[in-house]
K.L.:
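After the structure tokens below, expect a handful of questions from me.
Note that the structure is a prediction, hence the values are computed from the model and not measured. Only heavy atoms go into these numbers, but all of them, side chains included; no hydrogens, no water, no symmetry mates. Each chain gets a letter, A, B and so on, in the order the sequences are listed, and its residues count up from 1.
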Amino acid sequence: MNLEFDPTKLPYKFVDSPSDAKSAFEDLLKEEVISVDTECTGLDPYNSKILLIQIGKKDMAYVFDARKIDCDTLKPLLEDPKKLKVLQNAKFDYEMLKAHCGITLNNIFDSMLAERILTCGLERSNSLAAIAEKHTGLSLDKDIRKTFEGLITQVNEQQVRYAALDVLILFPVFKRQWELLQKEDLVKVAKLEFGVVRVVGEMELKGLCINSSKWRKIIRELEKKRDETASKIQETIRPLYKVQQMGLFGGSADVLNLNSQPQLLDLFNNKLNIDIGSTGDSVLETVKHPVADLIREYRGHEKLISAFGESILEKVNKKTGRIHPDFQQIGADTGRFSCSNPNFQQIPRESEVAPFRSCFVPAEGYKYVVADYSSMEMRIVADLTGDERLIKAFEKDWDVHSATAALMFNKEYSSDFKKKYPDLRQTSKNINFGLVYGMGPGRLGMMIGVDAATAKGYMDKYFETFKNVKIWLDSASKLAVRNGYSMTPIGRKRWYLMPDKSDPNYDKIIASIERQGKNHPIQGANADATKYSLVFLFDRLKKEGVDGAITHTVHDEIVCEVREDQANDWAKIQQEEMERGARVFMKHCPPKAQAVVGDVWEH
DNA sequence: AGAGGTGGTG
DNA sequence: CATGCACCACCTCT
């Protein structure tokens, strides 16, 4: 790879005076493509500061001292929609520049997302060092990055050189990635992802408000229940253990640690003489012993307390009073988001004992508008297979599981089908859900309580009824194996590492690729629709001048926080835009989104 | 520190 | 022959 600069004699200028800033600005204004990076004292945009802003052209890097230069000097450059800004992990710099300088980056090329799009399924590490090494052969020393953490003194020359190289290297990386994106026909996907960056940036900056006292109340209740169950278990099994241990304060010590699988296994296998291979819920469920039931009860509460307890409240940001989770834009190889610190995509669904979701509340004077797609994956199946009867069912907005059951078992569809034939509907529902995962008869049988042969009969019946679904699924798995990748309708690819013929697990791995090859186009298409929706909604918020923000997304759901008096109108818009997001590629089956306005996170 | 088990979400 | 997709957090044990 030809570099346009000499890595041993980096072309950079350190800019720490207004006049130098002005001339650097003038010089950069001539460029159509600039690269951008920031060095900050930390990762949290609200509790750290920008030290350096680097802006590069292909043969020169300007390193601005953010503590001496007025950001406003750079604003017209960074906000110019005609200039392409190349960044590594643009979301981070977007948030920093927005929070500290009021600068809104646009027209973004994100090398991290580009690499992810180009290697989905193959590589998981998309650090600048890895990408630069791969595309230019130059190895970056990222150790210096750590030296910016909490820095209060003046930056040294080594730090400036490091900062300069980060933006210089982005040019050859960008050039190469752009060629590859075109070659792999991934430009459309890349443009979508790059458009989503600013939405994610704003979403993370906005965060969510949580009712801490209500949250704590739930945890306390759960702890009470857990402790009661735990004591009951300890008392019940104490006689089985020879050693009577006394606790520090006179009470009896626990006989075993209820969270320990080995100790639990020992309890069942050696003390209760009930052989179990694992302590998972599906196994304990079948154990006819009161202790098994108690442990399941204990587990249920312990899980909620440990995963969703105090740890989440510790994430409340001191500056904003809200929680700002990390959204990973291409968190899954299918194209889905993932979420962490904390993971707001796995908050339990609303229930009597654990109403966690109702603790998420909009700010004073605002409402939540929560919208999700209904039966999206089945609608995508209908669209991809072009099955007229499925499409018709969705056009009439029928319950899809009832409709498939009606077709499979030659019954008349009716609005009370679920009441009349609950078992038939359940069977169809399990097939519908299972088929997008490539499920087999064994698993289906387990789910509906019949043997594998009977279950296979149902599946045969299903595929006889929906021949084109079978054709599509077979073709999807074959294509994945033959091509080494699968694709969503907009062309998002997921690659597969093909096993060597000599691999002892060859068949197993191929079977797995076949299942992933069926699942990816469906799950990925859903993700694509949601991402288009995010972009459409974001633009619409601005266009309509709505006082609101996108705060959360969970795969087929988008949560907005909108000023009270505008919420109802926005709900209608949100529903329309989400359906439009799906119609980008759904040309046969109508998508459907449903929105509700409320004071808590619910749907 | 990392793996494995378990279990929460879509 | 065997066969459920995609994540992340917390726990224990090595």
Side-chain angles (χ1 to χ4, degrees), chain A residues 120-121 124 256-265 276-285 295-296 298-312 314-315 325-328 330-351 354 356-357 372-377 380 430-447 452 455-456 459 473 476-477 480 486 494 504-527 530 552-558 601 603:
Chain A
C120 235
R124 293 242 54 157
L256 56 73
N257 180 348
L258 295 173
N259 293 329
S260 164
Q261 296 99 307
Q263 292 183 38
L264 240 37
L265 276 175
I276 56 170
S278 117
T279 69
D281 195 63
S282 55
V283 174
L284 292 186
E285 194 184 3
I295 289 171
R296 294 181 66 210
Y298 167 84
R299 281 248 183 94
H301 294 137
E302 169 64 14
K303 166 74 183 184
L304 295 170
I305 295 159
S306 64
F308 308 106
E310 203 71 28
S311 60
I312 279 180
E314 286 164 11
K315 303 284 199 310
D326 296 329
F327 286 95
Q328 183 145 22
I330 312 181
D333 290 337
T334 53
R336 270 190 180 176
F337 274 94
S338 70
C339 180
S340 58
N341 299 314
N343 182 357
F344 276 171
Q345 294 184 326
Q346 61 173 163
I347 302 295
R349 292 204 297 269
E350 198 66 2
S351 75
F356 286 118
R357 290 198 180 195
D372 65 349
Y373 288 118
S374 74
S375 303
M376 188 53 155
E377 295 199 330
I380 290 166
N430 283 319
I431 296 177
N432 279 339
F433 273 110
L435 67 88
V436 299
Y437 305 148
M439 185 180 63
R443 187 77 175 215
L444 177 66
M446 288 233 316
M447 296 184 76
K456 186 173 183 306
M459 290 192 71
L473 288 169
S477 51
S486 50
R494 176 192 186 163
N505 291 318
Y506 181 81
D507 290 346
K508 232 176 162 172
I509 298 168
I510 292 292
S512 169
I513 292 171
E514 286 175 345
R515 288 193 299 273
Q516 291 171 330
K518 293 171 190 173
N519 179 253
H520 169 240
I522 301 166
Q523 187 183 117
N526 194 348
T530 303
H552 193 24
T553 177
V554 195
H555 311 310
D556 61 356
E557 172 182 348
I558 296 172
W601 176 22
H603 53 238

K.L.:
Within the 4.0 Å heavy-atom criterion, would you say A/Glu557 contacts the bases, only the backbone, or no part of the nucleic acid?
P.N.:
nothing
K.L.:
Name the orientation class of the two ring planes belonging to A/Phe327 and A/His552 (parallel below 30°, tilted from 30 to 60°, perpendicular beyond 60°).
P.N.:
tilted
K.L.:
Just so I know, are the side chains of A/Ser512 and A/Gln516 near enough to count as touching, which here means a heavy-atom distance under 4.5 Å?
P.N.:
yes
K.L.:
Is A/Gln523 near enough to C/dC7 that one of its side-chain N or O atoms lies under 4.0 angstrom from OP1 or OP2?
P.N.:
no
K.L.:
Of all the choices, C/dC8, C/dC13, C/dC11, which nucleotide is nearest to the side chain of A/Ser306 once you look at every atom?
P.N.:
C/dC11
K.L.:
Looking only at side-chain N and O atoms, does A/Arg494 come under 4.0 Å of OP1 or OP2 in C/dC5?
P.N.:
no
K.L.:
Indicate whether OP1 or OP2 belonging to C/dC8 is found under 4.0 Å from a side-chain N or O atom of A/Arg336.
P.N.:
no
K.L.:
Base, sugar-phosphate, or nothing for A/Val554, non-hydrogen atoms under 4.0 angstrom?
P.N.:
sugar-phosphate
K.L.:
Can you identify which nucleotide, out of C/dC11, B/dT9, C/dC5, has its nearest atom closest to the A/Asn259 side chain?
P.N.:
C/dC11
K.L.:
Rounded to the nearest Å, what distance is computed from the CG atom of residue A/Leu473 to the C1' atom of nucleotide C/dC5?
P.N.:
13 Å
K.L.:
Go through C/dC13, C/dC7, B/dG8 for me and flag the one nearest to the A/Ala332 side chain.
P.N.:
C/dC7
K.L.:
Would you call A/Ile295 and A/Thr279 a side-chain contact if the rule is heavy atoms closer than 4.5 Å?
P.N.:
no
K.L.:
Do the side chains of A/Met459 and A/Leu444 get nearer than 4.5 Å, heavy atoms only?
P.N.:
yes
K.L.:
Quick check: on DNA chain C, is the nucleotide nearest A/Pro342 upstream (toward 5') of the one nearest A/Asn257, or the reverse? Name the residue that is more 5'.
P.N.:
A/Pro342
K.L.:
A/His301 has an atom NE2; how far is it from atom P of B/dG7, in whole Å?
P.N.:
14 Å
K.L.:
If I take atom CG in residue A/Asp326 and atom C1' in nucleotide C/dA9, what distance separates them, rounded to the nearest angstrom?
P.N.:
14 Å
K.L.:
Between A/Phe308 and A/Phe356, how do the two ring planes meet: parallel, tilted or perpendicular, split at 30° and 60°?
P.N.:
tilted
K.L.:
How would you label the contact of A/Gly280 with the nucleic acid (heavy atoms, under 4.0 Å): base, sugar-phosphate, or nothing?
P.N.:
sugar-phosphate
K.L.:
Between P on C/dC1 and CG on A/Asn505, what's the gap in Å once rounded to a whole number?
P.N.:
17 Å
K.L.:
Check whether any side-chain nitrogen or oxygen of A/Ser311 sits under 4.0 Å from OP1 or OP2 of C/dC10, and answer yes or no.
P.N.:
yes
K.L.:
Which nucleotide wins on minimum distance to the side chain of A/Gln346, given the candidates B/dT6, C/dC5, B/dG8?
P.N.:
B/dG8
K.L.:
Indicate, with a heavy-atom threshold strictly under 4.0 Å, whether A/Arg357 touches base, sugar-phosphate, or nothing.
P.N.:
sugar-phosphate
K.L.:
Which nucleotide wins on minimum distance to the side chain of A/Gln261, given the candidates B/dT6, C/dC8, B/dG10?
P.N.:
B/dT6
K.L.:
Report yes if a side-chain nitrogen or oxygen of A/Arg515 is closer than 4.0 Å to either non-bridging phosphate oxygen (OP1 or OP2) of C/dT3; otherwise report no.
P.N.:
no
K.L.:
When the distance from CD1 of A/Ile295 to P of C/dT12 is rounded to whole Å, what number comes out?
P.N.:
15 Å
K.L.:
Could you tell me the separation between the CH2 atom of A/Trp601 and the C1' atom of B/dT9, rounded to a whole number of Å?
P.N.:
9 Å
K.L.:
For a quick check, tell me whether the side chain of A/Arg349 and the base of B/dG8 share a donor-acceptor pair closer than 3.5 Å.
P.N.:
no
K.L.:
With heavy atoms under 4.0 Å as the rule, sort A/Ala511 into base, sugar-phosphate or nothing.
P.N.:
nothing
K.L.:
Hey, could you give me the NE2/OG1 distance between A/His555 and A/Thr530, rounded to the nearest 0.5 Å?
P.N.:
9.5 Å
K.L.:
Report yes if some heavy atom in the side chain of A/Asp281 is under 4.5 Å from a heavy atom in the side chain of A/Val283; otherwise report no.
P.N.:
no
K.L.:
Do you see a donor-acceptor pair shorter than 3.5 Å between the side chains of A/Asn341 and A/Asp326?
P.N.:
yes
K.L.:
Would you kindly give the CG-to-C1' distance between A/Asn526 and B/dT9, to the nearest whole Å?
P.N.:
14 Å
K.L.:
Counting side-chain heavy atoms from CB outward, which of C/dC11, B/dG10, C/dC5 is closest to A/Asn519?
P.N.:
C/dC5
K.L.:
Looking at B/dG8, C/dT12, C/dA6, which one has an atom nearest to any side-chain atom of A/Ser260?
P.N.:
C/dT12
K.L.:
Does the B/dG7 base have a donor-acceptor partner in the side chain of A/Lys303 within less than 3.5 Å?
P.N.:
yes
K.L.:
Answer with base, sugar-phosphate or nothing: what part of the nucleic acid does A/Ile347 contact at a heavy-atom distance below 4.0 Å?
P.N.:
sugar-phosphate
K.L.:
Less than 4.0 angstrom between a side-chain N/O of A/Thr279 and OP1 or OP2 of B/dG5, yes or no?
P.N.:
no
K.L.:
If you only use heavy atoms from C-beta on, which nucleotide in C/dC5, B/dG8, B/dT6 is closest to the side chain of A/Arg299?
P.N.:
B/dT6
K.L.:
For A/Asp281 and B/dG5, give me the distance from atom CG to atom P, rounded to whole Å.
P.N.:
16 Å
K.L.:
Starting from the 5' end of DNA chain C, give me the residue, A/Phe433 or A/Ser340, whose nearest nucleotide shows up first.
P.N.:
A/Phe433
K.L.:
Classify the nucleic acid contact of A/Pro441 as base, sugar-phosphate or nothing, counting any heavy atom under 4.0 Å across all strands shown.
P.N.:
nothing
K.L.:
Of the options C/dA9, B/dG10, C/dC5, whose atoms approach the side-chain atoms of A/Asn341 most closely?
P.N.:
C/dA9
